[in-house]
Amino acid sequence: MSALLDVRDLHAFYGKSHVLHGVNLRVDAGEIVSLLGRNGVGRSTTVKAVMGLVQAAGSVNFKGSEVLGLPAFRIAHLGLGYVPENRDIFPTLTVEQNLLLGQKSGRVSRWSLADMFRMFPRLEERRHTAAGVLSGGEQQMLTLCRTLMGDPDLIMIDEPTEGLAPKIVDLVADYLQALKQRGVSVLLVEQKLAIALDIADRIYVMGRGAIVFEGSPEDLRQRPAVRKEWLEV
């Protein structure tokens with residue numbers, strides 16, 4: 001089976017700093033793949049490099065086409081969605097306006113405002129509220145949904161559960177499973193091992209700018225040495 005996203009020998013740089021060292025990973029259609037690791041090992045840089053947001057070399061093949069070197073907006077229009085860690089909303093616009101800005105002109109989306117509000121009723125309650133006054137959990141929901149309004153085939157989500165209450169973490173996990181059921185693949189950047197083991201089809205673990213483990217959740221459960229060396233604080 002050909003990969004939806006196929007990353008080969010990816011290197012990334014911040015100025016003269018060489019951050020990624022030959023990263024290889026793939027996401028197949030209909031998969032949830034988790035990218036785990038401690039802070040500072042290159043997880044966020046990996047998805048930024050795939051999205052064309054940092055200087056990179058190697059190969060990033062998406063839906064059969066090489067996209068490395070394309071500007072981020074071109075990559076997004078091809079159907080690759082990206083949800084940054086910093087919940088990059090428009091604070092003075094309402095919830096509904098933020099969601100509508102996620103739509104791509106000339107493209108009929110699989111998703112509608114009604115879908116977003118059905119998954120996250122709290123957003124419907126606050127649809128006319130300025131996004132800047134939402135709680136952290138609500139802003140995370142909004143960022144996820146705004147990206148989804150662009151109808152991506154694959155969505156890369158950077159630390160969606162960071163700083164969220166356990167109840168909201170469970171809600172985000174349910175949301176990710178709902179995406180898979182609607183035909184959207186997910187590359188999930190996470191620190192929390194539990195959520196990755198619970199929802200992922202496959203897991204990559206990063207250390208020092210490279211992939212140090214690839215396997216199923218069950219494979220990782222049976223590798224305590226990997227968890228201890230690369231994931232435990």
Side-chain angles (χ1 to χ4, degrees), residues 4-5 27 29-34 47 50-51 53 62-63 72-73 75-190 192 195-196 198-201:
L4 182 63
L5 176 69
V27 181
E31 273 196 315
I32 297 178
V33 174
S34 288
V47 292
V50 169
M51 203 67 206
L53 297 172
F62 179 60
K63 296 198 298 189
F73 76 89
I75 297 173
H77 274 278
L78 291 172
L80 184 56
Y82 170 55
V83 180
E85 182 182 3
N86 61 3
R87 300 168 188 166
D88 193 12
I89 59 169
F90 295 95
T92 62
L93 300 182
T94 67
V95 166
E96 184 171 325
Q97 288 169 333
N98 267 272
L99 290 173
L100 292 175
L101 280 173
Q103 293 179 323
K104 293 185 177 74
S105 60
R107 182 167 178 165
V108 178
S109 177
R110 287 168 283 188
W111 304 87
S112 66
L113 281 174
D115 289 320
M116 304 300 102
F117 294 150
R118 193 176 302 114
M119 281 195 292
F120 292 123
R122 183 62 173 160
L123 292 183
E124 183 172 25
E125 294 171 13
R126 315 217 46 191
R127 67 189 297 172
H128 302 303
T129 301
V133 304
L134 301 181
S135 69
E138 291 166 343
Q139 289 185 8
Q140 184 65 73
M141 295 176 202
L142 178 58
T143 308
L144 289 167
C145 289
R146 186 185 64 194
T147 302
L148 198 58
M149 289 289 286
D151 198 29
D153 297 302
L154 188 155
I155 186 169
M156 303 187 299
I157 310 175
D158 194 355
E159 298 278 15
T161 65
E162 180 67 25
L164 300 185
K167 184 177 180 180
I168 303 299
V169 171
D170 291 341
L171 192 61
V172 170
D174 291 343
Y175 170 97
L176 297 178
Q177 294 281 25
L179 297 192
K180 180 179 176 180
Q181 292 168 9
R182 292 284 289 267
V184 180
S185 300
V186 178
L187 178 58
L188 174 66
V189 175
E190 257 298 339
K192 294 182 177 64
I195 188 173
D198 189 42
I199 71 171
D201 298 296

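It should be emphasised that the depicted structure is a prediction, and the values quoted were computed from it without experimental measurement.
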Kindly give the heavy-atom pair with the smallest separation between Pro152 and Ile155, and that separation in Å. CG-CB, 4.3 Å
Just how far is it from atom OG1 of Thr143 to atom CG of Asn98, taken to the nearest 0.5 Å? 8.0 Å
Euclidean distance, Arg122 CZ relative to Glu138 CD, rounded to 0.5 Å: 4.5 Å
Got Val184 and Trp111 here, is their nearest side-chain heavy-atom distance under 4.5 Å? yes
Shortest non-hydrogen contact between Gly132 and Ile89, atoms and distance: N-CD1, 4.3 Å
Determine whether Val133 and Arg126 satisfy the following criterion, side-chain contact (heavy atoms from CB on, under 4.5 Å), listing intermediate values before the conclusion. CA-CA 10 Å; Val133 304; Arg126 315 217 46 191; 4.0 Å; yes
Pairwise side-chain contact, Leu113 with Met149, heavy-atom cut-off 4.5 Å (strictly under): yes
Can you check whether Asp153 reaches Leu78 side chain to side chain, under 4.5 Å on heavy atoms? no
Under a 4.5 Å cut-off applied to non-hydrogen side-chain atoms, are Val33 and Asp201 in contact? no
Could you measure the distance from the OG1 atom of Thr129 to the CD atom of Glu96? Nearest 0.5 Å is fine. 11.0 Å
Nearest heavy atoms of Met119 and Ala178, plus distance in Å: SD-CB, 4.1 Å
Evaluate the side-chain contact (heavy atoms from CB on, under 4.5 Å) criterion for residues Leu4 and Phe62: first the C-alpha distance (whole Å), next the side-chain angles of each, then the deciding distance (0.1 Å), finally the verdict. CA-CA 6 Å; Leu4 182 63; Phe62 179 60; 4.0 Å; yes
Determine, step by step, whether Tyr175 and Leu148 satisfy the side-chain contact (heavy atoms from CB on, under 4.5 Å) criterion, reporting the C-alpha distance in whole Å, the side-chain angles of both residues, the deciding distance to 0.1 Å, and the verdict. CA-CA 11 Å; Tyr175 170 97; Leu148 198 58; 3.6 Å; yes
Would Asp151 and Arg182 pass as an ion pair if we require N to O under 4.0 Å? no
Minimum-distance pair of heavy atoms, taken over all atoms of Met156 and Val47: CE-O, 3.5 Å
Are the side chains of Leu123 and Cys145 in contact, using a 4.5 Å heavy-atom criterion? yes
Let's go through Leu144 and Met141 carefully: what are the C-alpha distance in whole Å and the side-chain angles of both, what is the deciding distance for side-chain contact (heavy atoms from CB on, under 4.5 Å) to 0.1 Å, and is it a yes or a no? CA-CA 5 Å; Leu144 289 167; Met141 295 176 202; 5.6 Å; no
Return the minimal non-hydrogen interatomic distance between Ala130 and Pro91, and the atom names on each side. CB-O, 3.7 Å
Can you name the closest pair of heavy atoms from Ala72 and Leu53 and give their distance? CB-CD2, 3.7 Å
Once rounded to the nearest 0.5 Å, what's the spacing between atom CD of Gln97 and atom NE2 of His128? 10.0 Å
Asp174 CG to Leu179 CG distance, which is reported to the nearest 0.5 Å: 11.0 Å
Can you confirm whether Leu188 sits close enough to Ile199 that some side-chain heavy atom of one is under 4.5 Å from a side-chain heavy atom of the other? yes
Between Lys180 and Val186, is there a side-chain heavy-atom distance shorter than 4.5 Å? no
How many angstroms lie between atom CE of Met116 and atom CD of Glu124, to the nearest 0.5 angstrom? 12.0 Å
Donor-acceptor pair, Gln139 side chain versus Leu134 backbone, under 3.5 Å? yes
So do Ile32 and Gln177 actually touch side chain to side chain, heavy atoms under 4.5 Å? yes
